[in-house]
Structure formats: C-alpha cells, structure tokens
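Order of the sequence lines fixes the chain letters, A, B, ..., with proteins taken first and strands second; residue numbering starts at 1 for each chain.
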Protein chains: 2
Amino acid sequence: MPAEAASDFIKKLDELVYVRRRLKAGNSLYHSGDRFQALYAVKTGFIKTESLHDDGRVQITGFYMAGEIFGFDGIATEEHMSTSVALEDSEICIIPLDRVKNFSREFSQVQNHFFKLMSREIVRDHTIMMLLGSMQGEERIAAFMLNLSQRFYARGYSPFNIVLRMKREEIGSYLGMKVETVSRIFTKFQDQKLLSVHQKNIRILDVEGLRKRIGQHPSK
Amino acid sequence: MPAEAASDFIKKLDELVYVRRRLKAGNSLYHSGDRFQALYAVKTGFIKTESLHDDGRVQITGFYMAGEIFGFDGIATEEHMSTSVALEDSEICIIPLDRVKNFSREFSQVQNHFFKLMSREIVRDHTIMMLLGSMQGEERIAAFMLNLSQRFYARGYSPFNIVLRMKREEIGSYLGMKVETVSRIFTKFQDQKLLSVHQKNIRILDVEGLRKRIGQHPSK
DNA sequence: GACTTAATTTGATACAGGTCAAAAATTAAT
DNA sequence: ATTAATTTTTGACCTGTATCAAATTAAGTC
C-alpha cells in the first residue's frame, strides 16, 4: 500500500472517532433495549457490558479498556441487547455505524478493519464460553488475571501491578461464580504466593504459577 | 429501495454462495489453526464448531443448521480458532470473504448484511455466556431445547418433534456439563412430562413448563 | 444373526462451589 | 471525626454436579 494512501486511511480513522463523550463512573452509554446508533471506543477509563435476563439475573459479558470497541451487539436488530456502564470516569469515542459504512465505500480497509474487530469479539466470547463451560474456579481466576495482565502490558502499563476497576461481585458475574468464591480464591492465591492482594491492587507474583494453574485440574 | 435494485441484490447474494461442497458426517471443513479462507453457510445438514484448549479439553461453541453461517472466528487473525465438524451428511455453501468485500463495494446492503450476521453471532454467544454463567443444569437444558424448537419451527419443521443430531456428550460440552448430568436431566424432564425422550428423538410435551423452568431457581 | 464397539442410562459417592450468616474492612455521607 | 452504607472476607453447612463404576441399550461389522 502506498504511504500516501495509508496516511489517508489513518486520517479517515481519526475522522471516524471524532466525537467524544465523557462518562462519569456508574453512568451508562446505552441500556438494553435502546435503539442502536453507534459503536463506542474506550479512550480512557473502564467499561463493563452486561446482559440481563428476564428474572433479574445479570451476566457481565465484557470489560473494555483503552483502545477496545464495544456495542456490536446492537447491530443485529438495531437494538442493544446489553447495558454498558462506566466503572470509572471514562472518555468514550462515538463511532456512528453509518459513518463506518460510508467510509468503507471509499476505503476498503475500513470495512476490513471492522470485520476484524467483530471477529475478534467473537473469538473473545468463545474464549469465555470455554472458560465458563470447562474450567473451574481457580482456573478461571488465573486465566482472568493473566488476561488482564496482558492487556495492561499491551497498553504500556506494568503487567504485574494491576488495579482492578471492578468489584469482586462483578468479577464473579463475568466468570460465573459467587462473590464469596472469588474472594476465597484470591485469598488462596495470596497464600500460595501467586498474587499479592490489597483491595483492588493486585500484584502478580508468579506468572508461571498462574499459567500452570490453568489446565491443571483432574478432569480428563 | 426500487424493486429492480432489490432483485440485483438478491442475484448478488446468490452469486456469493455459488460454490457448494458436500461433507460427510464426521468430516471437517477446517481445523483450528487452518488459514482462514471463507465463511460457510449450511445448506442442508448440521454442523458443530469446537474450540480446543491446550490441555485437551474441548468446548463446543456452536451448532449450525440450514441457513446459518459460521466461520467468523477466522477473520480476526486470518486463522481459524476452532474446528468445524459435520454431525450428519451436509451440504455447505462456501462464501469467500474476498468476494463479500468486493460485492460490498457495489452493494452496500451486502456489507450491511454481513455486519448483522456477525452481530447476531455475538448476541448468540452472549446468550450462551449468560446460560453458562448464571443458569444451572435444568435451566440450561430447558433453554437449549426451546432454542432448538424455535429454530426448527423457523425452518418449517415441527417445533415439537425434534431429532437431535448431536450426542449427549456434545450437548454437555456445549452447555458446560457432563454426559451423565445431561442424561439425568432428560430422564427427569421425561418423568415430569415436559419431554418425551426416545434416543435422539425428542418430543416437547409442555413448552410452557419448559419456559417456566428457566429463571426459576432459588438464586437471588 | 452373532459379535464388537460406541453411546446412554443408572447408581453410589465425593467435592467444588453455592448459600446463609456474620465479622471485618472500605468507602461515602453527614 | 462519626455514622452509615457498601464491599470484602471468613466460617459452617448444604446442594448440584462431577466422578467412578457398572449395567443397559443402540449402532456398526463381519
């Protein structure tokens, strides 16, 4: 691709995320049932998305940090199937889907890019399905912490000192277990010198140990 | 949209799925790690997709029947993260992604359509995440059977007489439980006159009863 | 049809994680 | 600061599912 065209593409991407919005902790961008209008990219902050079942149960389906895009669930029916909530004061870029579509006509890479983003979301969901369907508690927490570590690292933060933005109950909702269980496993991992836990500040002491925790349960 | 343009669009869609392929029961279209080349639409038959974890555990991430499209997981990295296997002799339409991209330039609806398809997959995955994360065995089986029923109905088959194409173990893998548990729940539902079970032939006797089963467990 | 092999069901037992209750630690509000 | 409210941790107990084992049934194979 000629450098010139490439920089045009970058400019377009910038245009795409032109509109920003600040979101206070606890506030929502959209609720389940809202008409779909745009996708959202996290500029700074931390977002959770949750689906709620008729009977009141909620399942957190994703945590999103800087650079990650969410809201794809709304495209199918033009109505969001989930609610997004800021876990801390956040800055969000709004990406109207219509604009994506228009730009795609001119720049095929834009379309490409969004296909890949959606595919990545699907892969991510499959990973969680695997985690929920065939791992047990300790493995889930280990996998979760390693995943966070990696994402922090990719953003230039320390992969070892992690400040959790969500509470224990939310970790539980995401990983399919109760608060008490999450808490117990953190305590256990602390005793085993895998983690050092101080409220929301987690220090990963033994990456290799955590890795070995995954896939190390008797089943099969 | 003018009728003429609409029919052009339909023609394009037909072109898109021009290449077909027969697949014997047990055979795969692609394996985890294979280079991504195309999406696949089920014309006839029944397909499962499964992700495999390093330690050998497998998680079935989807069952696909006539009219449904799979393979989206390969777009992100241009490498499939799952394996697809035919559960019965099937006929599959091959949809090269490049062709989708080209057609999208001419017909914006094609692009639209695929965005929606991927979004639908994401919504579907979130539903399963909710099921795995916050429902228990009986609820999962009830939800699973109702989902199958609805999909059969949408294809013009009876929503009450269902012929399962997968074995109990595969249902278990999909729903995050062991074969024995699946079997026990089928037996229990049969005793309670919710289902009538004869090998893979399931008759749904009480739709309302199954519905009430979901979201009716003590938690919260 | 007889023989193998695979799939499903059933039973007995064990254990991970849920539930209930209460204490301890944090955070927010006055 | 003091009080109130929320979140996290810990303990005791219980339950849903996994596990292990074996019987039963179905589906291939020769």
> When we call it a touch if two heavy atoms are under 4.0 Å apart, what does B:Lys200 touch: a base, just sugar-phosphate, or nothing?
Replying inline: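 Sugar-phosphate: the residue B:Lys200, judged by heavy atoms under 4.0 Å, touches backbone atoms but no base.
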>> Within the 4.0 Å heavy-atom criterion, would you say B:Gly172 contacts the bases, only the backbone, or no part of the nucleic acid?
In response: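 Answer is nothing: B:Gly172 stays at 4.0 Å or more from every strand.
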Nearest whole angstrom, please: distance from the [atom2] of [N] to the [atom1] of [X].
X	N	atom1	atom2	answer
B:Arg168	D:dA26	CZ	C1'	11 Å
B:Arg57	D:dA18	CZ	C1'	14 Å
B:Leu175	D:dT17	CG	C1'	14 Å
B:Ile171	C:dT8	CD1	C1'	11 Å
B:Lys167	D:dA27	NZ	P	13 Å
B:Ile141	D:dT17	CD1	C1'	13 Å
B:Glu169	D:dA18	CD	P	12 Å
B:Glu180	D:dT19	CD	P	8 Å

>> Quick check on DNA chain C: between A:Met177 and B:Ser183, whose nearest nucleotide comes earlier from the 5' end?
In response: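 Closer to the 5' end of DNA chain C: B:Ser183.
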> Mapping A:Gln199 and A:Gly176 onto DNA chain C by nearest heavy atom, which one lands closer to the 5' end?
Replying inline: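 Nearest-nucleotide comparison on DNA chain C picks A:Gly176.
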> Going by modelled atom types, is there a donor-acceptor pair between the base of D:dT19 and the side chain of B:Arg184 at under 3.5 Å?
Replying inline: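 Side chain to base: pair present.
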> Any donor-acceptor pair under 3.5 Å joining the side chain of A:Gln136 to the base of C:dC15?
Replying inline: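 Result: no qualifying N/O pair found.
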Phosphate OP1/OP2 of [N] contacted by [X] side-chain N/O (<4.0 Å):
X	N	result
B:Thr181	D:dA18	yes
A:Thr187	D:dT10	yes
A:Lys178	C:dG18	no

> Between A:Glu139 and A:Arg213, which heavy-atom pair has the shortest distance, and what is it?
Replying inline: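 Reported closest heavy-atom pair: CG-O, 3.5 Å.
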> Quick one: do A:Glu68 and A:Arg155 make a salt bridge, cutoff under 4.0 Å?
Replying inline: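 Salt bridge present between A:Glu68 and A:Arg155.
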> Would you find more than 12 non-hydrogen atoms of other residues, nucleotides or ligands less than 6.0 Å from A:Phe144 atom CZ?
Replying inline: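 More than 12 within 6.0 Å, yes.
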>> For A:Glu169, is there any backbone N or O sitting under 3.5 Å from a side-chain donor or acceptor partner on A:Ser173?
In response: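 Not a single qualifying donor-acceptor pair exists.
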> So, for B:Tyr40 and B:Tyr64, is the gap between ring centers shorter than 6.0 Å?
Replying inline: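 For B:Tyr40 and B:Tyr64, the ring centres are not under 6.0 Å apart.
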